[in-house]
Protein chains: 2
Amino acid sequence: MKYHKIPDETIRRMPLYVRALALLEQEGQETISSRQLAERLRLNPPQIRKDLSYFGAFGTRGIGYPVISTARRIRAILRLDVPQKAVLVGAGRLGTAIAVYPGFSVFGLEIAAIIDNNPTKIGSRVGRLEIEHIAAAATLKARGIRLGLLAVPAEAAQGCADVLVQAGVKGLLNLAPCCLDVPKQVKVVSIDMAMALGVLPYYV
Amino acid sequence: MKYHKIPDETIRRMPLYVRALALLEQEGQETISSRQLAERLRLNPPQIRKDLSYFGAFGTRGIGYPVISTARRIRAILRLDVPQKAVLVGAGRLGTAIAVYPGFSVFGLEIAAIIDNNPTKIGSRVGRLEIEHIAAAATLKARGIRLGLLAVPAEAAQGCADVLVQAGVKGLLNLAPCCLDVPKQVKVVSIDMAMALGVLPYYV
DNA sequence: CTCTGTGAACACATTCACAGCA
DNA sequence: TGCTGTGAATGTGTTCACAGAG
C-alpha cells in the first residue's frame with residue numbers, strides 16, 4: 001500500500017489483535033482468517049484486513065494470517081517487543097488491584113515500581129514490589145521507566161502527572177476523573193469508569 | 001436544529017460535561033462559555049457547542065451556558081436524572097476498589113449489589129453492601145437493577161454476562177480482557193486497562 | 001462586542017467490491 | 001475456490017465561518 005497516515009482508531013485496535021492472537025497461540029491455532037478473527041472480536045473482516053495492511057502484508061491469500069508471526073509483528077509496531085516498564089502512582093485499593101493484575105504481561109508491559117505519598121505505606125510490599133516515596137520519581141529515568149499509571153484521587157492527579165513528566169515519563173494512563181495538563185510530547189490516555197458506566201442508561 | 005442522529009461520540013462526551021459542570025457548580029460559577037469549558041476539557045469550543053445543540057438550545061448568546069440547568073438537562077438526556085442502580089460481579093481486588101469508589105454518585109449511579117461465586121466471601125461486607133451468591137441474580141430485576149459491572153477473570157466473564165442478561169440487565173461495563181456475546185438490545189462497554197496502556201509506547 | 005447555534009466544508013474512518021495470489 | 005490487499009465509495013464526526021441573539 002502507498003503511504004498512508006495510520007488512523008488512531010487502527011492503533012487503538014492493535015492491542016485487541018495482540019490479545020486475540022495470544023489466545024489463539026495458546027489454543028495451538030497456526031493461522032486465522034480475517035473472517036474468523038472478526039467474529040471473535042465482533043469487527044468486520046475488511047476492517048481487520050485494512051488495519052493490518054497499513055503495516056504491510058501479513059497474511060497469505062487463501063489461508064489467512066499466521067498467528068505467531070502476526071502477533072510478533074504487531075507487538076513490534078506498538079513497541080511492545082521490548083519490555084516496557086511502568087510506574088504506578090497510588091497504592092490504594094485500585095492501585096493494588098492494578099499492581100497484582102497479571103494481564104499486562106501479554107503486552108510485554110510490567111509494573112516496575114509503585115509510589116504513594118502516604119508515609120505509613122512506604123516500605124510495605126504489594127506483590128514483589130516495595131512501595132516507594134514520591135521522591136523516588138527521580139530514579140525512574142535511570143531505571144528505564146517511561147510509562148506511568150495514575151491511580152490517585154482527582155485532586156492529586158495533576159501534581160503526580162507533573163512529577164512523572166519531570167521524571168521523564170512519556171506516556172500516562174490516567175484513572176482519575178479529571179483532565180491533565182501535560183507537554184504535548186507526552187501522551188495521555190484517560191479512563192473514568194464512572195463516565196463509562198454513565199453512558200449506558202442512555203442506550204438501555 | 002433540524003433532526004439529526006446524535007453521534008455516539010457526542011454521547012460519550014456528555015458525562016465529561018456533567019463531570020465538569022458538577023465541579024463548576026461546586027466552585028460556585030453560574031455560567032460558562034464554550035471556550036472556557038473547552039479549555040478545561042481540552043476540546044474545541046465548536047465541538048462543545050455542537051454537542052449541546054443536538055439536544056436543543058442550552059446557552060445564552062453573549063453569556064454562555066448556565067452551569068446548573070445545563071448539568072441537569074444533560075443528566076436528563078443520559079437518563080441520569082433518576083438514580084440508576086448497578087450490580088457488581090466480582091469481589092476481588094478490582095471489584096472491592098470499584099465498590100467503595102465514590103465517583104459514581106456525580107452521575108446518579110449507585111453500586112446496589114455485589115455478587116461473587118466464592119462461597120467464603122458470601123455474607124461478608126464491602127462498605128455497606130453484603131456480598132451475595134450468584135443465585136441472587138434472580139432478584140435483580142425486582143430490585144430495579146438494570147446495569148452490571150464485570151470485575152471477574154476473562155474466563156468467567158461470558159458466564160456472568162449470560163446470568164446478568166438473563167436477569168434483565170440491559171447495560172454492561174466489562175472490565176475483563178475479552179469480548180462478550182450478548183443480545184443486541186444489551187449495550188456493552190469494555191475497558192481493558194492493559195490494552196489502554198499498551199498503545200502508549202507507540203506514541204512515545 | 002460576545003458568545004451561541006448551525007449549515008457547509010472538511011477530515012477521518014469504515015465498508016465495499018474486486019483484482020490478484022495461493 | 002478462498003482469502004488477502006487495496007483503491008474507491010460511503011458514512012461518520014469535527015471544524016469552520018458566519019448569521020443572529022443578548
Side-chain angles (χ1 to χ4, degrees), chain A residues 1-17 20-21 24 29-71 73-74 77 179 199 202-203, chain B residues 1-17 20-21 24 29-71 73-74 77 179 199 202-203:
Chain A
M1 191 157 57
K2 288 185 325 213
Y3 170 80
H4 274 92
K5 191 202 165 300
I6 290 146
D8 277 349
E9 291 298 303
T10 293
I11 297 300
R12 217 170 41 80
R13 280 188 295 270
M14 295 312 259
L16 202 62
Y17 301 146
L21 292 167
L24 285 162
Q29 194 166 331
E30 288 183 6
T31 63
I32 188 160
S33 67
S34 58
R35 175 140 45 98
Q36 291 174 291
L37 189 56
E39 202 178 332
R40 287 198 173 222
L41 298 176
R42 282 142 200 85
L43 299 172
N44 299 316
Q47 175 93 84
I48 291 173
R49 293 202 299 275
K50 186 158 277 278
D51 279 348
L52 296 179
S53 75
Y54 282 117
F55 303 99
F58 283 60
T60 309
R61 289 166 203 236
I63 306 288
Y65 298 92
V67 169
I68 294 176
S69 69
T70 302
R73 288 182 63 182
I74 299 176
I77 289 160
C179 295
V199 300
Y202 176 83
Y203 290 101
Chain B
M1 190 157 58
K2 288 186 324 213
Y3 170 82
H4 274 92
K5 191 201 167 299
I6 290 146
D8 277 349
E9 291 299 302
T10 293
I11 298 300
R12 217 169 43 80
R13 279 187 296 270
M14 295 311 260
L16 203 61
Y17 302 146
L21 291 167
L24 285 163
Q29 193 166 332
E30 288 184 8
T31 63
I32 188 159
S33 67
S34 59
R35 176 139 46 98
Q36 291 174 293
L37 190 55
E39 201 179 331
R40 287 197 174 223
L41 298 175
R42 282 138 200 88
L43 299 171
N44 300 316
Q47 175 92 84
I48 291 174
R49 293 202 300 275
K50 184 157 278 278
D51 280 349
L52 296 179
S53 76
Y54 281 117
F55 302 100
F58 283 60
T60 309
R61 289 166 203 236
I63 306 289
Y65 298 91
V67 169
I68 294 177
S69 68
T70 303
R73 287 182 63 181
I74 299 176
I77 289 158
C179 295
V199 300
Y202 176 83
Y203 291 100

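Naming: A, B, ... by sequence-line order, numbering from 1 per chain. The structure displayed is predicted, hence computed values, not measured ones.
- Separating the CZ atom of B:Arg73 from the C1' atom of C:dT4 is a distance of 13 Å, rounded to the nearest angstrom.
- Take the nearest nucleotide of DNA chain D for A:Gly59 and for B:Glu9: the residue whose nucleotide is more 5' is A:Gly59.
- At least one side-chain heavy atom of A:Leu24 sits under 4.5 Å from a side-chain heavy atom of A:Arg40.
- When the C1' atom of D:dT6 is taken as reference, atom CZ of A:Phe55 falls 15 Å away, rounded to whole Å.
- Dashed line: the shortest gap from a side-chain N or O of A:Gln47 to OP1 or OP2 of C:dA13 is not under 4.0 Å.
- Taking 4.5 Å as the limit, some side-chain heavy atom of B:Tyr202 sits within range of a side-chain heavy atom of A:Ile6.
- To the nearest angstrom, P of D:dT15 lies 17 Å from CZ of B:Arg35.
- When rounded to the nearest whole Å, the span between CD1 of B:Ile48 and C1' of C:dT4 equals 12 Å.
- Counting non-hydrogen atoms under 4.0 angstrom, B:Thr10 reaches nothing in the nucleic acid.
- With C:dG5, D:dT15, D:dT4 as the candidates, the nucleotide lying closest to the side chain of B:Ala57 is C:dG5.
- Proximity note for A:Arg13 (side chain, C-beta onward) versus C:dA13, D:dT15, C:dT14: the nearest is C:dT14.
- Distance A:Phe58 CZ to D:dG5 P: 9 Å, rounded to the nearest Å.
- Taken from OH in B:Tyr17 to CD1 in B:Ile74, the straight-line distance is 8.0 Å, to the nearest 0.5 Å.
- A residue-by-residue look at A:Asp51 and B:Ser34 shows that B:Ser34 has its nearest nucleotide of DNA chain C further toward the 5' end.
- Taking both residues in full, the closest heavy atoms of A:Arg73 and A:Phe55 are given as NH2-O, 3.6 Å, listed atom of the first, atom of the second, then distance.
- Judged purely by atom type and a 3.5 angstrom limit, B:Gln36 uses its side chain to pair as donor or acceptor with the backbone of B:Ser33.
- Among the atoms of the strands shown, none is found under 4.0 Å from any heavy atom of B:Arg12.
- Looking at heavy atoms from C-beta onward, B:Phe58 lies out of side-chain contact with B:Asp51 at the 4.5 angstrom threshold.
- If you measure from atom CG of A:Leu52 to atom C1' of D:dC3, you get 13 Å, rounded to the nearest angstrom.
- Summarising the geometry, the separation between CG on A:Leu43 and P on C:dC16 is reported as 14 Å, rounded to the nearest angstrom.
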Scan nucleotides 16-22 of chain D nucleotide by nucleotide, 5' to 3', and note B when protein non-hydrogen atoms come under 4.0 Å of the base, S if they reach only the sugar-phosphate, - if neither.
-> BB-BBBS
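- Atoms NZ (B:Lys5) and P (D:dT10) sit 20 Å apart, rounded to a whole Å.
- For B:Tyr54 and C:dT4, the shortest distance from a side-chain N or O to OP1 or OP2 is not below 4.0 Å.
- The side chain of A:Ser53 approaches D:dT6 more closely than any other nucleotide in the set D:dT6, C:dT14, D:dT15.
- Atom CG of B:Leu21 is separated from atom OG1 of B:Thr70 by 6.0 Å, given to the nearest 0.5 angstrom.
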